[in-house]
Structures are given as C-alpha cells and as structure tokens.
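Single-structure report; data block below.
Since this is a predicted model, take the numbers as computed values, not measurements.
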Amino acid sequence: QVQLVESGGGLVQAGGSLRLSCAASGRTFSNYVMGWFRQAPGKDREFVLAISWSGSTTYYADSVKGRFTISRDNAKNTVYLQMNSLKPEDTAIYYCAAAKSLSSRYNSGNYDYWGQGTQVTVSS
C-alpha cells in the first residue's frame with residue numbers, strides 16, 4: 001500500500017502561483033511513477049502531468065505546458081506541482097497518484113494509489 005497526502009491548495013488570483021506537494025508513505029516511493037490529475041465540477045478527472053521513477057522524464061498535458069512543472073524528491077518521498085500563470089479554468093480538485101508503470105500514463109486507470117485531493121481555486 002502507498003498512502004498519498006496532498007497539500008498546498010488554496011485560493012489565488014489569476015496570474016498567480018501555487019505549489020502543491022504530495023507526500024508518500026508505505027512502499028518504496030522511487031518504485032512508482034507519479035502523476036497529477038485534476039477534476040473540475042461537472043467534469044471528468046483529467047491528466048495534468050506525470051514524472052518517471054527517477055524524475056528524468058516528465059509528461060505534460062497541452063493545457064499546462066509552459067505553466068506547470070512537476071518534480072520529485074525521492075529522498076523526501078515527495079512529488080511537487082509548481083503552478084504558475086494560473087487561470088480560472090485551472091480551478092479544480094488536484095489529486096496525486098502513483099503507478100508502477102509508465103504505460104497508459106495519461107489514463108487514470110493506470111494508477112494504483114490516490115491521494116484525497118486538494119482544492120485549487122483561481123479567481124478572475
């Protein structure tokens with residue numbers, strides 16, 4: 001089992017920044033691909049970013065390229081989501097997730113463990 005706890009969400013004005021953290025416990029963190037997903041009210045959960053086991057490779061949704069960055073610190077069992085130039089359409093609950101494989105990394109079904117989510121609200 002892997003337990004994931006997100007933090008860092010909140011209310012921010014458009015153009016602002018937030019940094020989300022996801023702390024993992026349980027099994028060996030570096031054995032897992034980590035992803036961030038988000039779900040806005042009335043919409044399906046969507047892929048945002050993912051990062052490989054070592055952090056050497058990252059994957060981005062087109063909607064966040066150039067604005068969001070994912071990183072991980074395997075020594076601290078933590079993955080981060082740096083969000084810059086936030087837009088009102090970024091408003092959602094943000095979830096971190098862990099998977100053993102990079103295959104289907106854009107698909108939420110690929111991920112075995114999920115955090116409880118943290119709310120991000122961007123005001124216009």
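At least one donor-acceptor pair under 3.5 Å links the side chain of N110 to the backbone N or O of S101. Side chain of S124 to main chain of P88: no donor-acceptor pair is present (N/O by atom type, distance under 3.5 Å, no hydrogens or angles).
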Please report the C-alpha distance between L4 and M34 in whole Å, then the side-chain angles of each, then the deciding distance to 0.1 Å, and finally whether the side-chain contact (heavy atoms from CB on, under 4.5 Å) criterion is met.
CA-CA 10 Å; L4 301 172; M34 298 301 296; 3.9 Å; yes

If you apply the rule side-chain contact (heavy atoms from CB on, under 4.5 Å), what do you find for L49 with L81, and how did you get there?
CA-CA 8 Å; L49 311 98; L81 173 55; 3.1 Å; yes

Is there a side-chain contact (heavy atoms from CB on, under 4.5 Å) between Q13 and L86? Walk through the geometry before answering.
CA-CA 8 Å; Q13 288 189 332; L86 281 160; over 6 Å; no

Chi angles and distances behind the side-chain contact (heavy atoms from CB on, under 4.5 Å) call for M83, V48
CA-CA 11 Å; M83 304 185 291; V48 182; over 6 Å; no

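In this structure, W114 belongs to a hydrophobic cluster whose other members, linked by side-chain heavy atoms under 4.5 Å apart, are V33, F37, F47, W53, Y59, I93, Y95, L102, Y106, Y111.
In this structure, CZ in R38 is found 4.5 Å from OG in S63, a value given to the nearest 0.5 Å. Rounding to the nearest 0.5 Å places SG of C22 at 15.0 Å from OH of Y94. Atom CG of L11 sits about 9.5 Å away from atom CD of Q119, to the nearest 0.5 Å. Rounding to the nearest 0.5 angstrom, the gap separating the CG atom in N31 from the CG atom in N74 is 9.5 Å. A distance of 10.0 Å separates CG of D112 from CD of Q1, quoted to the nearest 0.5 Å. Taking OG1 from T57 and CD1 from I70, the interatomic distance works out to 11.5 Å, rounded to the nearest 0.5 Å.
Under the salt bridge (Lys or Arg N to Asp or Glu O under 4.0 Å) criterion, no residue pair touches residues 5-29, with sequence neighbours excluded. Under the salt bridge (Lys or Arg N to Asp or Glu O under 4.0 Å) criterion, no residue pair touches residues 70-88, with sequence neighbours excluded.
In terms of heavy-atom proximity, S21 sits nearest to T78 at CB-CG2, 4.3 Å. Residues A24 and V2 share a closest heavy-atom pair of CB-CG1, 4.4 Å.
Under the 4.5 Å side-chain heavy-atom criterion for Ile, Leu, Val, Met, Phe, Trp and Tyr, Y80 and W36 are members of distinct hydrophobic clusters.
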